[in-house]
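Only heavy atoms go into these numbers, but all of them, side chains included; no hydrogens, no water, no symmetry mates. Keep in mind that what you see is a predicted model, and the values were worked out from it rather than measured.
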Amino acid sequence: MSTLEDVYADLLARVAEYPTPGVTLVKNVRIPTRDGTHLHGDLYFPTERWERREAVPIVLEYIPYRKDDTPPGGSFYDYLAQRGYGSVRVDIRGTGASEGVSRDEYLLEEQLDGVDAIEWIAKQAWCTGHVNMMGASYGGFTSLQIASHAPESLTSIIPIYFTDDRYTDDCHYRGGLMRKYYDVSCYGNMMVAWNALPADLDWLEEWADVWEQHLEGSEPYLLQWMRHQTDGDYWRNGSVGDAPERIQCPVFMIGGWRDGYPNPPLRLFSGLRAPKKVLIGPWNHSRPDTAVPGPRIDYLHEVVRWLDHWCKGEQNGVMDEPPVVVYMQEGEPPDADRLDSRGEWRAETSWPVAGATEETLYLADGGRLTAQTEDEAADALTYDPTVGTSGGLWSGGLPMGLPGDQRPDEALSLTYTTPPLEDDLHVLGRPRVHLHVSSSASVIGFAASLSDVGPDGQSHLVAKGMLNVTRRDSLNDPSPLVPGEIVELEIDVDTLGWVFRTGHRLRVAIANADWPNVWPTPYPAESEVHHGAARPSRITLPVVPAQGTAEAPAFRPSPVEMQRNTHLVTPPTWRVSRDALSGRAQVDLSVESSERINPGFRVDRTFEGVLRADPKDPARASAFGRHSSRLIRSLGTTEAVSDLFIQGSPTSFHVTLTLTVTVDDTTVFTRRWNESVPRMLL
């Protein structure tokens with residue numbers, strides 16, 4: 001093993017100017033993998049320890065989001081360095097500054113590279129041998145996936161906003177329906193452009209070779225996702241919930257009720273056998289010290305306590321505290337731009353909650369939700385593919401999208417509502433909706449929304465679930481619905497923590513769409529929802545006692561001043577419009593950001609999306625997305641633009657994707673992909 005003095009000369013040459021006191025940044029640490037490919041990572045180190053050549057525990061963030069474009073102070077690296085921990089942010093193979101090509105997310109090759117990176121870091125003289133993984137979203141996924149390989153030197157993981165099932169709970173499919181706005185307007189299209197941009201020329205000797213590898217070899221992930229429309233081996237790769245016992249290191253999970261991944265944290269908690277904790281706040285897909293809705297907390301204080309225990313052996317009580325802490329939300333005016341969420345913290349000593357019961361409410365004639373089944377009846381539902389615009393945007397990264405008042409969508413849905421509650425009702429867990437339905441279409445979806453209706457009549461979306469009826473028996477092997485045949489559906493509603501207060505009402509709304517979050521099914525349809533003793537359509541709620549089994553913690557408030565979207569050039573756009581003559585609907589989305597990386601380097605980005613749907617012709621719904629990233633330096637500008645258009649038809653999705661890379665407005669690379677992807681009962 002080399003001493004720090006042996007490697008110091010090379011590292012010293014890579015030290016970059018960095019504005020945060022007490023933090024030393026070392027650019028492009030070179031990490032070998034088993035096949036000879038080299039990954040590159042940036043090392044954030046406590047300056048005092050660096051100057052004394054002292055080793056520290058390391059936290060690894062392993063993501064494809066271009067480390068060289070990260071503004072200072074934008075993540076957890078500074079906070080940890082000021083408290084005695086180093087961080088290494090590593091670009092995944094084929095992305096950013098790392099060698100190789102990137103053809104898809106979460107490949108086995110990518111996971112094994114992560115194992116190699118952990119073992120290499122653990123052997124460095126600047127590391128005590130304790131390597132942890134931490135990250136949100138992609139970084140949460142990789143933390144769990146790599147932990148499932150049980151690297152010897154992995155001390156613990158802190159996954160934030162993650163999934164344990166890549167088909168049922170990710171940004172690509174929902175209940176066997178393909179998601180729409182997100183991959184087109186954001187992540188899927190974005191990665192085409194990002195993977196075509198060069199690394200920072202100042203720090204990568206192999207700059208030209210690595211850029212050429214990325215340009216010539218990388219592929220759009222989105223085409224793979226569209227080709228795999230049913231569950232199977234493709235999605236089982238990286239779905240750690242299939243074998244949670246493979247994760248042997250301690251796990252501290254963090255989730256958010258308004259995040260796109262509300263189901264995995266408690267589900268995975270049940271399956272893990274390693275030491276574990278879970279914290280779920282009201283947050284969207286932003287870190288808990290800056291997320292909306294609040295309350296925002298100093299979550300990194302909790303992370304440091306966790307690391308101090310597992311890396312330094314400190315008996316600080318972190319593992320003596322309740323392992324399950326959740327925020328119980330409650331009804332309030334459903335402002336889509338609100339900063340905070342009404343509610344309170346709750347702690348439990350175990351999961352499932354001791355004393356939990358189930359309460360079932362039945363759909364009944366006249367739009368009622370009752371405690372008992374009543375006479376047989378059926379309610380007619382006309383398929384409108386534009387229902388869903390009040391329900392918010394699935395939260396995977398855009399800086400807006402909380403649900404508003406549900407009544408505009410409910411006017412186009414079937415609704416069933418309880419009388420005002422006589423007592424508070426505490427619900428924690430995952431509701432289930434059973435529906436007995438028939439339809440004139442062979443392919444149709446059903447969405448079930450649970451809302452809290454306040455005394456003023458405003459309807460606040462609590463959680464939603466949906467199912468493509470062709471996947472009613474199997475997510476792997478779909479079968480068409482026989483028109484007119486009555487079938488029973490079981491729809492899993494998203495996991496929630498909610499207190500329905502006295503005087504409020506519960507409402508279940510049934511629709512055939514959740515647009516623009518998912519693609520409409522192709523055929524116009526008239527459906528019926530059947531209910532009564534013989535066909536008991538119902539919702540089953542996981543009800544818990546009013547008080548948790550332990551005292552809830554008092555978290556430190558966020559040390560970050562809440563200044564929403566300070567990196568945005570203009571306020572984000574989320575516009576819904578409808579043509580009064582044709583009924584056609586359109587959603588326009590745009591986000592424009594600018595971030596200063598250092599005095600000579602700025603990154604400007606735009607996300608744009610235009611989503612269209614026609615109630616008379618749902619098969620031909622379309623989506624356009626454009627992503628632009630501009631790397632602006634004093635000596636020139638490099639820009640990558642990805643334009644994506646998807647046009648639906650009754651049988652296929654027709655995809656055209658164009659990538660253009662320019663240097664100072666001169667085109668240096670262009671490539672186009674055209675593909676017609678057959679619909680698989682979708």
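Proximity of V29 to Q124: side-chain heavy atoms (C-beta onward) are nowhere separated by under 4.5 Å. Taking 4.5 Å as the limit, every side-chain heavy atom of Y187 sits out of range of all side-chain heavy atoms of L222. Using a 4.5 Å heavy-atom cutoff, the side chains of M319 and P275 are in contact. Contact check for M133 versus I146: side-chain heavy atoms found under the 4.5 Å cut-off.
Taking the ring centre of F653 as origin, the terminal cationic atom of R679 falls inside the region bounded by 6.0 Å and 45° from the ring axis. Annotation: cation-pi pair R166/Y234 present, NZ/CZ under 6.0 Å from the ring centroid and within 45° of its normal. A cation-pi arrangement is absent between R83 and Y85, since the terminal nitrogen or guanidinium carbon is not both under 6.0 Å from the aromatic centre and inside a 45° cone about the axis.
Salt-bridge formation is detected for the pair D69/R605: a Lys NZ or Arg NE/NH1/NH2 atom is positioned less than 4.0 Å from an Asp or Glu carboxylate oxygen. By the 4.0 Å N-to-carboxylate-O rule, D231 lies close enough to R236 to be salt-bridged with it. Between R34 and D116, at least one side-chain nitrogen of the basic residue sits less than 4.0 Å from a carboxylate oxygen of the acidic one, meeting the salt-bridge criterion. The pair R671-E219 counts as a salt bridge, with a side-chain nitrogen and a carboxylate oxygen less than 4.0 angstrom apart. Salt-bridge check for R103 with E110: failed, with every basic side-chain N at 4.0 Å or more from each acidic carboxylate O. Salt bridge status for K67 with E61: absent, with no side-chain N to carboxylate O gap under 4.0 Å. Classification of E109 and R93 as a salt-bridged pair holds, one side-chain N sitting under 4.0 Å from a carboxylate O. At a threshold of 4.0 Å, the pair K27-D68 counts as salt-bridged, since one of the basic side-chain nitrogens sits closer than that to a carboxylate oxygen. Using a 4.0 Å cut-off between charged nitrogen and carboxylate oxygen, K464 and D514 count as a salt-bridge pair.
Side-chain N/O atoms of T155 and H130 include a donor and acceptor closer than 3.5 Å. Between the side chains of T163 and D169, not a single donor N or O lies within less than 3.5 Å of an accepting N or O. Under the 3.5 Å distance criterion, with hydrogens and angles disregarded, a donor-acceptor pair is assigned to the side chains of H627 and S629. Between the side chains of Y261 and D165, not a single donor N or O lies within less than 3.5 Å of an accepting N or O.
Taking the six-membered ring where tryptophan is involved, the planes of W235 and Y167 are tilted, since the angle between them lies from 30° to 60°.
Q224 contributes atom CD, which lies 8.5 Å from atom CG of L107 (distance to the nearest 0.5 angstrom). With rounding to the nearest 0.5 Å, the separation of OG1 in T168 from CG in D492 is 8.5 Å.
Of the options F141, W225, F162, a side-chain contact (heavy atoms from CB on, under 4.5 Å) to D170 is made by F141 and by none of the others. Of the residues N517, N468, D494, the one that meets the side-chain hydrogen bond (donor to acceptor under 3.5 Å, both in side chains) test with R174 is D494. Applying the side-chain contact (heavy atoms from CB on, under 4.5 Å) test between Y44 and each of V59, I58, V88, V23 identifies V23 as the sole match.
Note: Y161 and W283 fail the aromatic proximity criterion, with ring centroids not under 6.0 Å apart. Checked against the 6.0 Å centroid threshold, F269 and W351 do not count as a close aromatic pair.
Environment of CD in E152: sparse, with no more than 12 heavy atoms of neighbouring residues, nucleotides or ligands closer than 6.0 Å. No more than 12 heavy atoms of other residues, nucleotides or ligands shown are found within 6.0 angstrom of CZ on R556.
Listed for the T142 side chain is a donor-acceptor partner under 3.5 Å among the backbone atoms of Y62. The backbone N or O of V115 sits nowhere less than 3.5 Å from a side-chain atom of E119 that would complete a donor-acceptor pair.
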